[in-house]
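Worksheet for the structure shown next.
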Amino acid sequence: MMTKTTFKLNLGPQHPSTHGVLRLLLELDGEKIISCEPDVGYLHRGMEKMAEQMSYIQYLPTVDRIDYLAGFFYSELLCRIVENAMEVELPDKVRAIRVMLLELNRISSHLLWVGAFLMDLGAVSPFFYAFREREMILRYFEKISGQRMMYNYFVFGGVRHDIGFLEDVEEIISILPGKIDDYEKIITENPIFIRRTVEKGILQKEMALNNGITGVNLRASGVDFDLRFEDSLYRGFDIKTIVLDGKDSFARYKARILEMRESIKIVAQALEYLKKSGSLEQRLINPINLKLPEGDYFADIEAPRGTASCFVRSYGDKNPYRLKWRTGSYYSVNLLRKLLAGEYLNDAIAIAGSLDIILPEVDK
Amino acid sequence: MDLNKFREMFQGCELAGNKILIKSRMHDVIKFVTENYPYDILKEITAIHNPDGRIELIYNLYSTVDEETLLISILLDGNEAESVSDIFDSARADENEIFDLFGVKFSGNDDLKRLYMPEDWEGHPLRKDYVQDDTRLAWNDDKNNV
């Protein structure tokens with residue numbers, strides 16, 4: 001007599017398509033996934049505990065490592081906490097520099113995602129194309145900050161040096177739209193790609209909201225939610241948000257491609273301003289013996305992987321009493337429990353890939 | 001949000017800064033708020049181990065409809081709290097993190113486990129009474145040998 005049995009499969013943490021060190025414990029019936037249990041924590045560095053033992057300026061260089069593909073966003077959050085606490089308003093030029101770098105960082109992060117996602121689906125060449133374009137952006141970041149990924153360029157009340165090499169940015173934004181057209185030509189209408197993404201990993205609006213999903217993943221499920229509109233940093237910039245109603249992996253891909261195009265337009269606006277602007281005027285806060293006044297401080301930003309936020313409680317000491325990070329990927333990983341149940345194993349990697357999970361952000 | 005109606009329902013709640021401080025029944029409060037107001041995302045639950053030894057939980061609710069944030073906070077008497085994971089699935093993840101780092105047990109959430117810390121780790125590192133003397137860590141070992 002045949003008895004129905006299920007078995008457990010360990011996916012990761014060393015599997016190349018798990019974007020770092022994600023471990024999924026899958027229960028399978030044949031090739032069908034019955035349940036999925038994500039196991040995180042392989043990259044835990046204790047970012048929150050570290051903060052309690054460091055002064056703010058000591059902590060600032062470490063926050064880029066929370067998400068090494070979008071380091072500027074986390075520097076910006078910590079700077080914003082301190083700036084809000086010390087009641088410093090940023091001059092327009094500093095805002096323009098920050099917006100330009102944040103949006104370039106968003107493009108580089110999405111470019112890596114496009115490459116890695118296609119690699120998950122088995123197409124290797126888009127990975128090299130995407131990295132070629134990403135390299136231009138990283139070279140520029142290296143020129144201005146000395147670092148390709150861990151920039152430590154934003155400081156409390158301004159930026160470390162005046163911005164330069166604007167002709168590089170001009171070159172990047174003139175080349176990129178054509179390259180994105182090329183990606184679309186080889187990816188968007190590719191029949192294999194369409195079969196593996198359309199109507200796969202459907203994320204309904206209610207389910208997304210209930211699971212705390214934010215950012216592009218939420219907007220690809222038809223919810224118009226973009227923090228950049230209420231963000232004072234982006235004041236005066238013309239921003240268009242991309243809301244798609246596809247709800248599947250394909251919609252999440254398309255939303256990121258379109259978002260890159262919109263980010264290029266924002267970079268162009270910031271560049272236009274910076275070319276005309278005069279010398280850099282900053283409101284630098286002296287980081288030596290910096291003590292935040294007693295109280296709770298909160299800052300959030302639209303990061304490439306969803307809403308990122310930072311909470312600080314200070315009792316007037318030189319280090320925070322409690323510091324908490326909220327990152328978008330943490331909720332995306334937990335969504336996999338729901339999203340993968342009932343799918344086939346060969347779709348699991350594609351669906352997990354489409355959510356743009358990055359593990360240092362999950363583990364903090 | 002109309003606080004008076006809220007006050008009638010839940011005795012002893014008060015407005016502290018930008019957040020509503022309640023005494024107990026967090027599950028009922030979150031249920032009431034989500035049923036009567038368009039708060040659809042529980043963005044995060046923040047836990048703080050206050051200097052008086054009590055753990056404070058701050059629930060950050062957000063409405064994508066009218067773009068408003070609501071903070072509800074509670075001071076726990078012991079290490080036990082009510083789970084809201086049946087209302088928001090995302091709370092499951094937050095509660096697990098708080099269990100791991102603060103040792104708060106959420107009644108109603110039955111799959112709390114060690115998340116970041118190893119399974120055999122003793123203590124909860126973000127508590128203020130946590131002592132860092134684990135000899136498995138190189139720097140603590142050095143200190144003992146000096």
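Order of the sequence lines fixes the chain letters, A, B, ..., with proteins taken first and strands second; residue numbering starts at 1 for each chain.
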Honestly, the part of A:I213 sitting under 4.5 Å from a heavy atom of chain B is backbone
Does a side chain donor of either A:Y321 or B:N50 reach within less than 3.5 Å of an acceptor in the other side chain?
no
Hey, which of B:D100, B:T46, B:I48 has the most heavy atom pairs under 4.5 Å with chain A?
B:I48
Just so I understand: if I count every heavy-atom pair under 4.5 Å between each of B:K113, B:K43, B:E67 and chain A, which residue has the most?
B:K43
Taking side chain as C-beta onward, heavy atoms only, is A:F311 less than 4.5 Å from B:I58?
yes
Of A:K338, A:K49, A:M207, A:E230, the largest count of non-hydrogen pairs under 4.5 angstrom with chain B goes to A:K49
Does the side chain of B:E44 come within less than 4.5 Å of A:K324's, by heavy atoms?
yes
Closest heavy-atom pair, B:A93 versus A:N334, reported as atoms and distance to 0.1 Å, is CB-ND2, 3.2 Å
Main-chain N/O of A:L209 paired to B:D40 side chain as donor or acceptor, under 3.5 Å:
no
Quick check for you: among B:L126, B:N96, B:L42, which has the greatest number of heavy-atom pairs under 4.5 Å with chain A?
B:L126
Could you tell me whether a side-chain N or O of A:R322 sits under 3.5 Å from a main-chain N or O of B:H49, the two making a donor and an acceptor?
no
Taking side chain as everything from C-beta outward and backbone as N, CA, C, O, which of these in B:R114 sits under 4.5 Å from a heavy atom of chain A? Side chain, backbone, both or neither.
neither
Could you tell me which portion of B:N60 (side chain, backbone, both or neither) has an atom closer than 4.5 angstrom to a non-hydrogen atom of chain A?
side chain
Using non-hydrogen atoms only, which part of A:Y315 is less than 4.5 Å away from chain B: side chain, backbone, both, or neither?
side chain
Interchain contact, B:I87 with chain A, by part (heavy-atom threshold 4.5 Å)
backbone
Examine whether an atom of B:L71 lies under 4.5 Å from a heavy atom of chain A, and if so say whether it belongs to the side chain, the backbone or both; otherwise answer neither.
neither
Please evaluate residues B:D89 and A:R337 with respect to the criterion side chain to side chain contact (heavy atoms under 4.5 Å, CB included), reporting the C-alpha separation (whole Å), side-chain torsions for both, the decisive distance (0.1 Å), and the verdict.
CA-CA 11 Å; B:D89 283 336; A:R337 268 181 241 265; over 6 Å; no
Contact class of A:V333 relative to chain B, heavy atoms under 4.5 angstrom:
neither
Thinking salt bridges, do A:R313 and B:E56 make one under a 4.0 Å N-O criterion?
yes
Under the criterion side-chain contact (heavy atoms from CB on, under 4.5 Å), which of A:E48, A:H44, A:R45 is the partner of B:Y116?
A:H44
Which region of A:V40, side chain (C-beta onward) or backbone (N, CA, C, O), has a non-hydrogen atom less than 4.5 Å from a non-hydrogen atom of chain B, or is it both or neither?
both
Is the count of non-hydrogen atoms from other residues, nucleotides or ligands lying under 6.0 Å from A:E87 atom CD greater than 12?
no
So which heavy atom on B:S90 is nearest to which on A:G212, and how close?
CB-N, 3.7 Å
Rounded to the nearest 0.5 Å, what separates atom OH in B:Y62 from atom OG1 in A:T307?
8.0 Å
A:E37 side chain near B:D111 side chain, heavy-atom distance below 4.5 Å:
no
For chain A, find which of B:P125, B:P51, B:A91 contributes the most heavy-atom pairs closer than 4.5 angstrom.
B:P51
Residue part contacting chain B, namely of A:D363, when any heavy atom lies under 4.5 Å
both
Walk me through it: do B:D94 and A:Y331 pass the test side-chain hydrogen bond (donor to acceptor under 3.5 Å, both in side chains)?
CA-CA 9 Å; B:D94 289 308; A:Y331 298 91; 2.5 Å; yes
Less than 4.0 angstrom from a charged side-chain N to a carboxylate O is my criterion; do A:D296 and B:K19 meet it?
yes
Under 4.5 Å to a heavy atom of chain B? For A:E206 that would be neither
If you measure from the Lys or Arg side-chain nitrogens to the Asp or Glu carboxylate oxygens, is any gap between B:E97 and A:K364 under 4.0 Å?
yes
